[in-house]
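The structure under discussion appears below in the form of structure tokens.
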Amino acid sequence: MRVSTSADVKAARTDDEARVLQATPTGLLIGGRWTAAADDATFDVLDPSTGDLLAKVADASPQDGARALDAAVMTQKEFSATSPRERYDILMQAYGLLMERIDDLALLMTLEMGKPLAEARGEITYAAEFFRHFASEALQIDGGYQTAPAGGARFLVTKQPVGPCLLITPWNFPMAMGTRKIGPAIAAGCTSVIKPAHQTPLSMLALGGILQEAGVPDGVVNIVTCMRAGEVMEPMIRSGKARKLSFTGSTKVGKVLLEQCAERVLRTSMELGGNAPLIVFEDADLDEAIAGAMAAKMRNMGEACTAANRIYVQEKVADEFGRRMAEAMSGLKVGRGTEDGVDVGPLIDEAGRRKVVDLVADATSRGARVLTGGGTAAGPGFFYTPTVLMDVPAAARMTGEEIFGPVASITPFGTEDEVVAAANDTAYGLVSYVFTNDLRRALRVAEALESGMVGLNQGVVSNPAAPFGGIKESGLGREGGSNGIDEFLEVKYIGIAL
Ligand code: NAP
């Protein structure tokens with residue numbers, strides 16, 4: 001394994017990096033205009049691979065937030081009157097622009113978030129696909145007409161946009177978590193104010209410029225960047241001017257927001273944390289299981305809500321699985337995401353890395369064995385070495401908490417009943433993964449697992465055309481698929497006397 005040295009990093013602000021940063025807006029997008037925050041306040045966006053300053057971005061005040069929401073409210077009526085075909089055209093135009101500029105957008109994302117360029121390109125494609133998918137959904141908003149069971153009256157059922165929306169996104173997928181909300185909001189005819197995470201606002205700001213070019217009318221999508229998320233968002237939520245909050249982030253913050261939304265009974269969509277089990281039965285194809293576990297664990301350096309947090313392997317194949325997993329993990333190249341051949345970038349910040357260090361120390365103190373890695377990697381930047389732990393006990397903190405780092409936590413198991421009980425022994429329920437070649441077992445276990453999504457013999461389930469979301473404390477509602485647009489539509493029933 002090779003780790004970047006500080007010499008590599010110092011040499012690294014290339015012409016392309018400078019050009020891409022220069023071209024990215026740094027203001028607030030309100031009512032179609034880029035504006036400074038009150039008092040010209042700004043905050044710093046840092047490169048997690050070096051700690052260097054990338055840009056200073058507008059730091060919105062609660063008043064700026066209120067202005068953005070007013071812009072969304074003012075445009076709602078006009079935007080809901082646009083035809084589905086107009087909204088389709090805007091989304092397809094935005095899809096085209098994202099794909100055309102994939103190289104620059106990927107570079108920008110790697111700079112602010114740290115993921116390797118290949119993964120950043122993958123995320124731009126995934127993000128753009130939400131626009132293409134929801135463009136077609138805009139044309140398929142349906143309704144119904146039916147005779148009442150007793151005859152006479154008729155039922156007319158139609159769908160209308162929910163109204164102005166507040167959209168809040170996390171730092172780990174800075175573009176896709178935004179388009180997964182903005183796409184269906186536009187398709188449904190909703191205006192919005194979007195607030196990206198303070199660590200990674202640049203991708204969303206770049207998207208704001210693209211949406212303007214794509215023909216999104218002024219005030220339909222407003223962007224507010226800020227450091228004081230609670231202070232800025234809470235008055236907007238409590239104002240009752242927005243009719244919906246769609247949030248992706250931690251369960252802890254999601255619970256706070258649900259309470260705030262209760263006051264005005266806002267519609268909510270909550271995409272929250274996960275604690276995914278990945279189960280490998282002894283009859284699985286081990287090549288497939290290793291490839292799946294690597295994908296489920298290492299996508300985004302392990303900083304994903306869908307990351308395999310607990311890997312359960314049946315006793316007979318546990319040692320071989322652990323050995324092969326350690327081999328695969330130790331072969332990964334760690335470094336700055338912009339460098340050729342890098343597989344694993346830095347973690348998002350020192351707090352994120354500290355959490356991984358603490359969780360690993362806790363697990364080893366309780367008897368887990370380190371098969372590879374187990375420490376921070378040389379910096380600058382927030383690097384952590386890909387790590388495999390074997391025999392992680394149920395009492396370890398990482399069994400119950402999101403690791404959010406490149407650490408595979410393996411626990412051997414005996415029987416199917418035992419592993420299903422262990423997998424479900426969590427407050428979360430986003431996704432589970434099962435590797436087996438026994439069809440009956442696959443379906444039995446998939447049905448028994450308490451999660452909104454299951455990957456059968458595959459380590460990645462995300463797909464814009466499929467319903468993404470969790471149960472239990474992993475969330476409410478679904479994004480993507482045809483369910484995704486329904487989250488932004490109200491059903492209206494009109495009773496007709498004949
Ligand atoms: P986070 O701390 O909950 O932050 C998410 C967003 O909420 C950020 O924009 C943040 O702004 C904002 N925020 C924080 N406190 C707020 C408040 N009091 N009021 C309004 N907004 C507030 O989560 P994160 O660390 O960015 O993201 C990681 C988490 O997201 C993990 O738990 C992960 O599992 C989850 N996630 C879930 C999904 C899914 O689809 N289920 C997808 C991706 C990530 P600031 O950045 O300014 O604090």
Side-chain angles (χ1 to χ4, degrees), residues 43-46 57-60 62 65 112-113 115 123 126-127 130 166-181 193-201 203-204 223-238 242 245-261 266 268-276 299-309 347-349 351-352 355 401-405 426-431 451-453 461-464 466-480 484 487:
F43 65 92
D44 294 348
V45 182
L46 305 179
V57 161
D59 187 4
E112 68 172 346
M113 193 275 162
K115 68 181 72 182
E123 182 179 338
Y126 177 51
F130 281 107
L166 300 173
L167 313 176
I168 303 179
T169 55
W171 49 264
N172 60 346
F173 292 95
M175 186 70 90
M177 297 302 94
T179 60
R180 199 162 79 170
K181 299 182 189 306
V193 177
I194 182 154
K195 194 212 84 64
H198 72 271
Q199 294 97 330
T200 57
S203 296
M204 185 54 60
I223 303 176
V224 166
T225 51
C226 66
M227 275 306 282
R228 296 161 295 162
E231 259 179 72
V232 173
M233 298 309 295
E234 185 172 352
M236 294 163 79
I237 294 169
R238 292 197 190 277
L245 171 74
S246 177
F247 172 76
T248 300
S250 62
T251 296
K252 186 172 163 213
V253 173
K255 287 179 181 179
V256 170
L257 297 177
L258 277 169
E259 280 193 28
Q260 294 175 7
C261 289
L266 262 59
T268 55
S269 298
M270 293 279 153
E271 294 289 348
L272 308 178
N275 181 11
R299 182 173 178 224
N300 229 32
M301 290 85 73
E303 294 172 314
C305 53
T306 50
N309 213 53
L347 297 181
I348 190 68
D349 53 25
K355 182 179 179 196
E401 287 178 44
E402 286 183 300
I403 302 171
F404 249 56
T426 169
Y428 295 101
L430 187 62
V431 61
S451 59
M453 302 175 286
V461 293
S462 308
N463 189 310
F468 186 104
I471 61 171
K472 294 161 80 176
E473 294 190 19
S474 286
L476 299 168
R478 294 292 180 269
E479 292 190 323
E487 302 275 333

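Remember, it's 1-based here, ligands and their atoms both numbered in the order they're listed.
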Problem set entry | Protein contact to atom 23 (O) of ligand 1 [nearest heavy atom, distance to 0.1 Å] | Ser250 N, 3.4 Å
Seminar exercise, completed: Ranked by distance from atom 16 (C) of ligand 1, the top protein heavy atom is Val253 CG1, 3.5 Å
For this session: Check if Gly469 has a non-hydrogen atom at a distance under 4.0 Å from any atom of ligand 1.
Result: no
For this session: Could you tell me whether Arg180 and ligand 1 have an N or O pair separated by under 3.5 Å?
Result: yes
Problem set entry | Salt-bridge contact Glu487-Arg478 (side-chain N to carboxylate O under 4.0 Å) | no
Exercise. Among protein heavy atoms, which sits nearest to atom 24 (P) of ligand 1, and what does the distance come to when rounded to 0.1 Å?
Worked result: Trp171 NE1, 3.4 Å
For this session: Answer whether the closest heavy-atom distance between the side chains of Leu257 and Ile168 falls below 4.5 Å.
Result: yes
For residues 466-474, tabulate all N or O donor-acceptor pairs below 3.5 Å that involve a side-chain atom, not counting sequence neighbours.
unit_1 : atom_1 : unit_2 : atom_2 : d
Lys472 : NZ     : Asn424 : O      : 3.2
Lys472 : NZ     : Thr426 : O      : 2.8
Lys472 : NZ     : Glu450 : OE1    : 2.7
Glu473 : OE1    : Lys255 : NZ     : 2.8
Ser474 : OG     : Gly273 : O      : 2.6
Ser474 : OG     : Gly429 : N      : 2.9
Ser474 : OG     : Leu430 : N      : 3.2

Exercise. Going by the atom numbers of ligand 1, which of them fall below 4.0 Å from some non-hydrogen atom of Cys226?
Worked result: 47 (O)
For this session: Output the list of atoms in ligand 1 that are nearer than 4.0 Å to some heavy atom of Asn172, sorted by atom number.
Result: 43 (C), 44 (C)
For this session: Using only heavy-atom distances, determine whether the side chains of Glu479 and Ser269 contain a donor-acceptor pair under 3.5 Å.
Result: no
Seminar exercise, completed: Ranked by distance from atom 48 (O) of ligand 1, the top protein heavy atom is His198 ND1, 3.6 Å
Exercise. Should one rank Glu402, Glu231, Glu234 by closest heavy-atom distance to atom 31 (C) of ligand 1, which comes out on top?
Worked result: Glu402
Seminar exercise, completed: Residues Lys195 and Val224: closest non-hydrogen pair is CG-O, 3.2 Å
Exercise. With a 4.5 Å limit on heavy-atom distance, are the side chains of Phe43 and Thr225 in contact?
Worked result: yes
Problem set entry | Which residues share a ring-ring contact (aromatic ring centres under 6.0 Å, His included) with Tyr126, sequence neighbours left out | Phe130
Problem set entry | Ser474 to ligand 1, any heavy atom closer than 4.0 Å | no
Problem set entry | Nitrogen or oxygen atoms of Thr169 and ligand 1 under 3.5 Å apart | yes
For this session: Please work out whether any backbone atom (N, CA, C, O) or any side-chain heavy atom from C-beta onward of Leu257 is under 4.0 Å from ligand 1, and answer side chain, backbone, both or neither.
Result: side chain
For this session: Under 4.0 Å, heavy atoms only, figure out whether ligand 1 is touched by the backbone of Phe173, its side chain, both or neither.
Result: neither
For this session: May I ask you to list the atoms of ligand 1 that are less than 4.0 angstrom from any heavy atom of Pro196?
Result: 9 (O)
For this session: Return the minimal non-hydrogen interatomic distance between Glu123 and Ala176, and the atom names on each side.
Result: OE2-N, 2.9 Å
For this session: Considering only non-hydrogen protein atoms, determine which one is nearest to atom 13 (N) of ligand 1 and report residue, atom name and distance to 0.1 Å.
Result: Ala229 CB, 3.6 Å
Exercise. Please state which protein non-hydrogen atom is closest to atom 39 (C) of ligand 1 and give its distance, to 0.1 Å?
Worked result: Cys305 SG, 3.3 Å
Exercise. Taking heavy atoms and a distance under 4.0 Å, where does Ala304 meet ligand 1: side chain, backbone, both or neither?
Worked result: neither
Exercise. Considering only the protein, which heavy-atom contact is closest to atom 18 (N) of ligand 1, and what is its distance?
Worked result: Gly230 CA, 3.6 Å
Exercise. At the 4.0 Å heavy-atom cut-off, does Gln199 count as touching ligand 1?
Worked result: yes
For this session: Classify the contact between Met177 and ligand 1 as side chain, backbone, both or neither, using a heavy-atom distance cut-off of under 4.0 Å.
Result: side chain
For this session: Would you check whether Thr248 reaches within less than 4.0 Å of ligand 1, judged by its heavy atoms?
Result: yes
Exercise. Of all the non-hydrogen atoms in the protein, which one sits nearest to atom 27 (O) of ligand 1, and at what distance?
Worked result: Pro170 CB, 3.4 Å
Problem set entry | Polar contact flag for Lys195 and ligand 1 (N/O pairs, less than 3.5 Å) | yes
For this session: Number the atoms of ligand 1 from 1 as they appear, then name those within less than 4.0 Å of a heavy atom of Ile168, with their elements.
Result: 6 (C), 7 (O), 9 (O), 12 (C), 20 (C), 21 (N)
For this session: Have a look at ligand 1 and work out which part of Arg228, if any, has a heavy atom under 4.0 Å from it: side chain, backbone, both or neither.
Result: neither
Exercise. Under 3.5 Å, N or O to N or O, is Leu272 touching ligand 1 that way?
Worked result: yes
Problem set entry | Ligand-residue contact atoms, ligand 1 with Gly273, heavy atoms, under 4.0 Å | 32 (O), 34 (O)
For this session: Output, in order, the C-alpha distance, side-chain angles, deciding distance and verdict of side-chain contact (heavy atoms from CB on, under 4.5 Å) for Phe404 and Asn172.
Result: CA-CA 10 Å; Phe404 249 56; Asn172 60 346; 3.6 Å; yes
